[in-house]
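Numbered from 1 within each chain, the chains take letters A, B, ... in sequence-line order.
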Amino acid sequence: MKKGLPDIKKDFSAWYTQVVNRAGLADYGPVKGTMVIKPYGYQLWENIKEIFDKMIKDSGHVNAYFPLFIPKSFLAKEAEHIEGFAKECAVVTHTRLKSDDGQGVIVDPESKLDEEIIVRPTSETVIWSMYKKWIQSHRDLPLLINQWANVVRWEMRTRLFLRTSEFLWQEGHTAHETSEEAKKETLEILEQYRCLAENYLAIPVFTGLKTESEKFAGAELTYCIEAMMGDKRALQAGTSHYLGQNFAKAFNVTFQTKDNKEEFVWATSWGVSTRLIGAVILTHGDEKGLQLPPKVAPIQVVIVPIVKNDIQIKMIEDFIEPILKELKNKKIRTHVDWSNSSPGYKFNDWEMKGVPIRMEVGPRDIEEDKVVLVRRDNKEKTVVTKTDSVNRIDMFLNEIQNNLFNKALAFRNNNTHIVSNYDDFKKVINEGGFVRCGWNGAKDTESKIKEETKATIRCIPFDENPDELKCIISGEVAKHEVIFAKAY
RNA sequence: CGGAGCGUGGCGCAGCCCGGUAGCGCACCACAAUGGGGUUGUGGGGGUCGCAGGUUCAAAUCCUGUCGCUCCGACCA
């Protein structure tokens, strides 16, 4: 029987794989590198999606849907952009199969396409080809469109949620009259990402700017939220790009200004993906499995009845009925586990699935008109009267949400070190953790450090203070204070 | 594309050297007891041993070919 998980401290990677599997979040698809998101995992994604969808709609964005297929020629229009994605594009070359003498099917050579089609690795190009048609005047701006979609990037090494060949995300693509406005949009979205990560997923993030070599291909500036995972490695959790006029120029998208001039449009794009689920797992998980922040947990309270016979089943049903009703009124997502495993099995199972609160109800409790509440985050058991139970649950859910964030924040702070010499730098990177230090801003120092330590610049944080700092490796005057880490 | 390994019920494996009626654990189904931290017992269902060919009276086992997968080195949200 499968019991304990691999040791989270010793074998984080095996731990992760097993948690994803045993919590019922996802499974491998038949094509290498693909992922099936199972109902429990998908509910988590739906909750995240709902929250962010509301945020962007409240800030004036609308959803639309653009095609999966992109003409190959589109990708050539933005030189840097193609550089970034060329190596991982799935290409459609034929449109038909035919039967191979009853021995299965083969690609029908007759059906070869004149112009091959790319499966979108991201949608800038299709979207800008359409924006060209839609934008004439400053009155058409700003154009604030988002889409929820799947994209395909043919990856060599994949891991469920963190890197799969196909993944789900949202991609926002906006067009503006001025550079300032586009930059403002980029930063406003980044702030929404920070809010999503910190206030809902309980994941503390660093916000900042990517370096030239780490930024999105085709962007002028890439901002990001970077989080620290339980193994002290960094995970890029979301990016927001200021695209300047790159795509407007590539697709010749101009507009007529108020004073009757023709100008190229200014653009942004931004995205978060199902990778956020990986971030939640890797941030909050523990030796018992998953821990889900209450605000996004598919099930916030699981009720485990402890029963000996049919009569007791009926008693418990009656006993919890008013509680269930009240929980429902408060919109607390609840599940009663009537399956016939033993209570001990259920306890472990729901802990694996990361449900924030477990309620145990058995004959002893009914007799005293009480229930037992057990918190997933600190394992505390509380016996409360039936009347108090829902209020306590409400309170606990809030506390757990905050507690998860605070724990993650403390962990990140404890593992983020300010260093001033390269030996200390290497020591921290080697033992795991983030390093804050000076950098001279040169590409070659960045790549030298990557080569020597595997650490990359995760971002130039907004709260940087490079004054009086020296570059960690060259010793020159630092241009920026940056955060280095090994990344996923 | 280079290096290592693996294909046997759903999953994990044994059996292979030394050919002889396909086995174990988990999961699954049924019944009963149990039930407050992974509970037992009894009974049951399920596999052309990756595929193709060869050797042999006989192949999961030996030989040849073939296909697929996993892991490790050049990418990335």
Side-chain angles (χ1 to χ4, degrees), chain A residues 1-5 13-14 17-18 21-22 27-28 30-33 35 83-89 103-104 120-123 149-159 161-171 193 210 213-217 219 222-227 234-241 269-279 288-289 303-310 312-313 316 337-352 358-368 370-374 379 381 383 450-451 456 458 487-488:
Chain A
M1 183 189 267
K2 301 182 295 187
K3 284 197 177 166
L5 285 165
S13 151
T17 309
Q18 285 213 22
N21 179 247
R22 289 167 67 176
D27 206 343
Y28 296 96
V31 173
K32 203 186 348 186
M35 163 173 68
E83 269 301 295
F85 290 108
K87 285 171 233 159
E88 46 185 14
C89 283
Q103 298 296 306
R120 63 177 167 219
T122 177
S123 304
N150 59 336
V151 285
V152 171
R153 297 180 190 175
W154 214 260
E155 300 285 354
M156 303 281 176
R157 286 205 50 166
T158 58
R159 302 195 69 188
F161 291 117
L162 298 174
R163 177 166 301 113
T164 46
S165 291
E166 178 190 1
F167 57 91
L168 302 183
W169 73 345
Q170 60 64 220
E171 46 180 326
Y193 284 160
K210 284 283 182 194
S213 53
E214 294 281 331
K215 72 168 200 201
F216 170 70
T222 291
Y223 295 97
C224 64
I225 54 172
E226 277 304 309
L235 184 80
Q236 178 174 308
T239 45
S240 182
H241 316 288
S269 73
W270 26 273
V272 291
S273 71
T274 37
R275 179 180 250 199
L276 286 177
I277 294 173
K288 292 251 176 198
I303 300 178
V304 177
I306 317 281
V307 287
K308 293 197 200 302
N309 53 49
D310 288 357
Q312 287 182 351
I313 290 176
I316 289 173
D337 185 357
W338 284 111
S339 71
N340 61 4
S341 311
S342 70
Y345 179 88
K346 292 179 187 176
F347 297 165
N348 286 286
D349 192 43
W350 291 109
E351 280 164 357
M352 181 72 71
R358 174 175 81 241
M359 183 193 292
E360 300 172 21
V361 185
R364 292 208 303 255
D365 308 301
I366 293 181
E367 218 165 279
E368 298 168 29
K370 290 182 172 165
V371 298
V372 178
L373 299 179
V374 186
K379 283 117 188 151
K381 283 195 184 191
V383 182
K450 183 175 181 181
E451 228 167 82
T456 50
R458 302 319 305 153
Y488 271 91

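Between the C1' atoms of C31(B) and C49(B), the separation comes to 33 Å (whole Å). For the C1' atom pair drawn from C72(B) and U55(B), the interatomic distance equals 38 Å after rounding to whole Å. Nucleotides A33(B) and C17(B) place their P atoms 50 Å apart, quoted to the nearest Å. Between G9(B) and G47(B), the two P atoms lie 11 Å apart (nearest whole Å). Look at the C1' atom in both C69(B) and C11(B): the space between them is 16 Å, to the nearest Å. C71(B) and C26(B) have their P atoms separated by 28 Å, with the value rounded to a whole Å. For the P atoms, the distance linking U61(B) with U56(B) amounts to 16 Å, nearest Å. Comparing G50(B) with U70(B), their C1' atoms sit 15 Å apart, to the nearest whole Å.
Taking CD1 of Ile366(A) as the start and CD1 of Ile306(A) as the end, the distance is 10.5 Å to the nearest 0.5 Å. Here NE2 of His241(A) is found 10.0 Å from NZ of Lys210(A). Values are rounded to the nearest 0.5 Å. Atoms CH2 and OG1, on Trp270(A) and Thr239(A) in that order, are 11.5 Å from each other to the nearest 0.5 Å.
With rounding to whole Å, Asn150(A) atom CG is found 18 Å from A77(B) atom P. Here the P atom of nucleotide U39(B) and the NZ atom of Lys346(A) are 11 Å apart, to the nearest Å. Protein atom CD of Gln18(A) is 12 Å distant from nucleotide atom C1' of G12(B), rounded to whole Å. Summarising the geometry, the separation between CG on Asn309(A) and P on A32(B) is reported as 14 Å, rounded to the nearest angstrom. Summarising the geometry, the separation between CG on Asn21(A) and P on G12(B) is reported as 11 Å, rounded to the nearest angstrom. To the nearest angstrom, P of U34(B) lies 11 Å from CD of Gln312(A). Rounded to whole Å, the distance from NE2 on His241(A) to C1' on A77(B) is 8 Å. Note: CG (Asp27(A)) to C1' (G10(B)) measures 11 Å, nearest angstrom.
Distances were taken from every side-chain heavy atom of Lys381(A) (C-beta onward) to each of G36(B), A77(B), G37(B); the shortest belongs to G37(B). Which of G38(B), G35(B), A77(B) sits closest to the side chain of Arg153(A) comes down to A77(B). Among A77(B), G36(B), G37(B), the nucleotide with an atom closest to any side-chain atom of Asn348(A) is G37(B). Comparing G38(B), G37(B), A77(B) by their closest approach to the side chain of Glu351(A) singles out G37(B). Nearest nucleotide to the side chain of Tyr345(A), out of G38(B), G36(B), C75(B): G38(B). Comparing C75(B), G37(B), G36(B) by their closest approach to the side chain of Pro343(A) singles out G36(B). The side chain of Glu360(A) has G36(B) as its nearest neighbour among A77(B), G38(B), G36(B). Of the listed nucleotides (G36(B), A77(B), G38(B)), G38(B) has the atom at the smallest distance from the side chain of Asp349(A).
Applying the Watson-Crick and G-U wobble criteria (two distances, each under 3.5 Å), C26(B) pairs with G10(B). The base-pairing partner of C62(B), taking Watson-Crick or G-U wobble contacts with both distances under 3.5 Å, is G54(B). Pairing partner, G5(B): C69(B), with both Watson-Crick or wobble hydrogen-bond distances short of 3.5 Å. When both pairing distances are held under 3.5 Å, A32(B) makes a Watson-Crick or G-U pair with U40(B).
For Arg358(A) and G36(B), a side-chain-to-base donor-acceptor distance below 3.5 Å is absent, hydrogens and geometry of angles not being considered. A donor-acceptor contact under 3.5 Å is formed by the side chain of Asp365(A) with the base of G36(B).
Screening Gln236(A), Glu214(A), Lys215(A) for a side-chain contact (heavy atoms from CB on, under 4.5 Å) with Thr222(A), the sole residue that qualifies is Lys215(A). When each of Lys381(A), Met359(A), Glu360(A) is tested with Leu373(A) by the rule side-chain contact (heavy atoms from CB on, under 4.5 Å), just one qualifies, namely Met359(A).
Looking at heavy-atom distances under 4.0 Å, Ser341(A) makes contact with a base. Heavy atoms of Gly238(A) sit nowhere under 4.0 angstrom from any nucleic acid atom. As judged by a 4.0 angstrom heavy-atom cut-off over every strand, Leu235(A) is placed among residues making no nucleic acid contact. Residue Phe167(A) is in base contact, counting any heavy-atom pair closer than 4.0 Å across all strands shown. Looking at heavy-atom distances under 4.0 Å, Thr164(A) makes contact with a base. The residue Gly362(A) sits close to a base: some heavy atom pair falls under 4.0 Å. Using a 4.0 Å heavy-atom distance criterion, Glu155(A) is classed as a base contact. Residue Val372(A) is classed as a base contact, given a heavy-atom separation below 4.0 Å to a base. Contact annotation for Lys288(A): base contact, defined as any heavy-atom pair under 4.0 Å involving a base atom.
Residue side chain Trp169(A) fails the stacking definition with respect to A77(B), as its ring centre and the base's six-membered ring centre are not both under 5.5 angstrom apart and under 30 degrees in plane angle.
Within 6.0 Å of CG in Asn309(A) there are more than 12 heavy atoms belonging to other residues, nucleotides or ligands.
Contact annotation: Lys308(A) side-chain N/O to G35(B) OP1/OP2 distance is under 4.0 Å. Not one side-chain nitrogen or oxygen of Ser342(A) sits closer than 4.0 Å to the OP1 or OP2 atom of G35(B).
Met35(A) places none of its side-chain heavy atoms less than 4.5 Å from the side chain of Thr158(A).
Side-chain contact of Thr122(A) with Arg120(A): a donor-acceptor pair under 3.5 Å is absent, judged by distance alone.
The pair Arg358(A)-Glu351(A) meets the salt-bridge criterion, with a side-chain N (NZ, NE, NH1 or NH2) lying under 4.0 Å from an Asp/Glu carboxylate O.
Residue whose closest nucleotide on RNA chain B sits further toward the 5' end, between Gly33(A) and Ala217(A): Gly33(A). The residue among Tyr488(A) and Val361(A) whose nearest nucleotide of RNA chain B lies closer to the 5′ end is Val361(A).
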